[in-house]
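Below: the structure, in structure tokens.
Quick note on labels: first sequence line is chain A, next is B, and so on, each numbered from 1.
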2 protein chains.
Amino acid sequence: MKGTKGFSHIAKKRFELFLDTHDYRKTPERFAVMDELFAHEGHIDADGLFLIMRNKNYSISRATIYNTLDLLEECGLAVKHHFKNKNALYEQSLIYQQHNHLVCNDCNKIKEFSDPRLENIKESVSKELGSKIILHSLVFYGDCTIVDCENKRNEN
Amino acid sequence: MKGTKGFSHIAKKRFELFLDTHDYRKTPERFAVMDELFAHEGHIDADGLFLIMRNKNYSISRATIYNTLDLLEECGLAVKHHFKNKNALYEQSLIYQQHNHLVCNDCNKIKEFSDPRLENIKESVSKELGSKIILHSLVFYGDCTIVDCENKRNEN
DNA sequence: TTACATGCAAACCCTTTGCAATCGT
DNA sequence: ACGATTGCAAAGGGTTTGCATGTAA
């Protein structure tokens, strides 16, 4: 999602409330991970965050990153995705409205879209199969049809 | 998918043709894995197949299972899913029409559904984002609303 | 002060890989 | 017979865990 800059203080408030409520400690590491996730546009994996923070000479361990990402997911500030990769990708979700992903077969870039018709499908399925649907994951995989796409074939 | 019994000879024909075309060898292990996948209703992981076959005293290695599942996926006889699990789940796809999955938050059981409106969404996204969509993955995660659901809370 | 969180490294789990033995063609 | 395929075990890569140290409350 774009345009999330300047919203991290709202995220911080929500995170603090969450930590308070659950009697979790407000450690600097946890806020640092949150900040880094919110500073990053798009999707990133745990190790990506780890490397970025280390490169900034912020001392942190992978274990703490994983732990914090779980907390962020738990309080709805992060969404965890399992695309075809073997590792999980995260994205901040403060202004997350359920959106979906199109993964490009050519360059692996991820585009986002949303479509109201998905809600209709959800409602039908809820009734038919007897489930209160809490979340969904819709991913399309496709070949690029954009002529001279700037992203095309730039994987190494 | 249900009702796939008795279709494995068709699968076998398709697999043989595929192996011939690609100059891959028709080993008994490959057909054994295919048979086992087609004998299994629903989703199963590589290790699940491995254990089933070992329990039948069929001597096979994990490496061969993984290799064969790749081949089956390549020729369209198997579909590989990445749900929230860390391991991949496979299902036979001889009579696979694109269908989608509802994963139960209570018991982890997987139900299937399909909805024609998804095709409409696909068409819109194809045009909007410039992509020829080859495949998709739609998964709903929901809480069971079925009273006295037989599957409810039987995880250990 | 005291229990919870961190950091590190080892353990874990699923999957892939290397190589000698086997077997399809 | 030749070379692809198998089986095994070891390596790999992402994630989790155990434990001593550090630190928020």
Distances under 3.5 Å between protein N/O atoms and the N/O atoms of nucleotides 21-25 of chain C, please, pair by pair.
from	atom 1	to	atom 2	distance (Å)
C/dG24	N2	B/Arg25	NH2	3.0
C/dT25	OP1	B/Lys26	N	2.9

Checklist entry - Rounding to a whole Å, what distance do you find between B/Met53:CE and D/dG7:P? => result 9 Å

Checklist outcome for this item: When rounded to whole Å, the CD1 to C1' distance for the pair B/Ile60 and D/dT6 reads 9 Å

Item to check | Validation row: B/Lys84, B/Val103 side chains within 4.5 angstrom (heavy atoms) | outcome: no

Next on the checklist: From CZ of A/Arg30 over to C1' of D/dT23, roughly how many Å is that when rounded to an integer?
Outcome noted: 12 Å

Next on the checklist: Please report the distance, rounded to the nearest Å, between CG in B/Leu51 and P in C/dC14.
Outcome noted: 10 Å

Item to check | A/Asp35 with A/Lys12: basic N within carboxylate O range, under 4.0 Å | outcome: no

Item to check | Sub-4.5 Å side-chain heavy-atom contact between A/Glu29 and A/Tyr58 | outcome: yes

Where do N or O atoms of nucleotides 14-19 of chain D meet protein N or O atoms at under 3.5 Å, pair by pair?
from	atom 1	to	atom 2	distance (Å)
D/dT15	OP1	A/Ala88	N	2.8
D/dT15	OP2	A/Tyr66	OH	2.5
D/dT15	O5'	A/Tyr66	OH	3.3

Next on the checklist: Using a strict threshold of under 4.0 Å (side-chain N to carboxylate O), is an ion pair present between B/Lys13 and B/Glu16?
Outcome noted: no

Next on the checklist: Donor-acceptor pair, distance only, cut-off 3.5 Å: does the side chain of A/Lys111 make one with the backbone of B/Leu129?
Outcome noted: yes

Checklist entry - In whole angstroms, how far is the P atom of D/dA24 from the NE2 atom of A/His22? => result 21 Å

Checklist entry - Rounded to the Å, how far apart are A/Phe50 CZ and C/dT6 P? => result 14 Å

Checklist entry - In a check of side chain to side chain contact (heavy atoms under 4.5 Å, CB included) between B/Tyr90 and each of B/Leu49, B/Leu69, B/Ile65, which one passes? => result B/Leu69

Next on the checklist: Using side-chain contact (heavy atoms from CB on, under 4.5 Å), reason through A/Val33 and A/Phe15 one step at a time and then give a plain yes or no.
Outcome noted: CA-CA 11 Å; A/Val33 171; A/Phe15 199 24; over 6 Å; no

Next on the checklist: Below the 4.0 Å mark, does C/dC8 have OP1 or OP2 next to a side-chain nitrogen or oxygen of A/Ser61?
Outcome noted: no

Item to check | Intermediate values then yes/no, side-chain contact (heavy atoms from CB on, under 4.5 Å), A/Arg117 and B/Ser124 | outcome: CA-CA 11 Å; A/Arg117 286 170 289 192; B/Ser124 303; 2.7 Å; yes

Checklist entry - Would you say B/Asn105 and A/Lys132 make side-chain contact, with heavy atoms under 4.5 Å? => result no

Item to check | A/Glu16 CD - D/dA25 C1' separation (whole Å) | outcome: 15 Å

Checklist outcome for this item: Taken to the nearest whole Å, CZ/B/Arg54 to C1'/D/dT6 is 12 Å

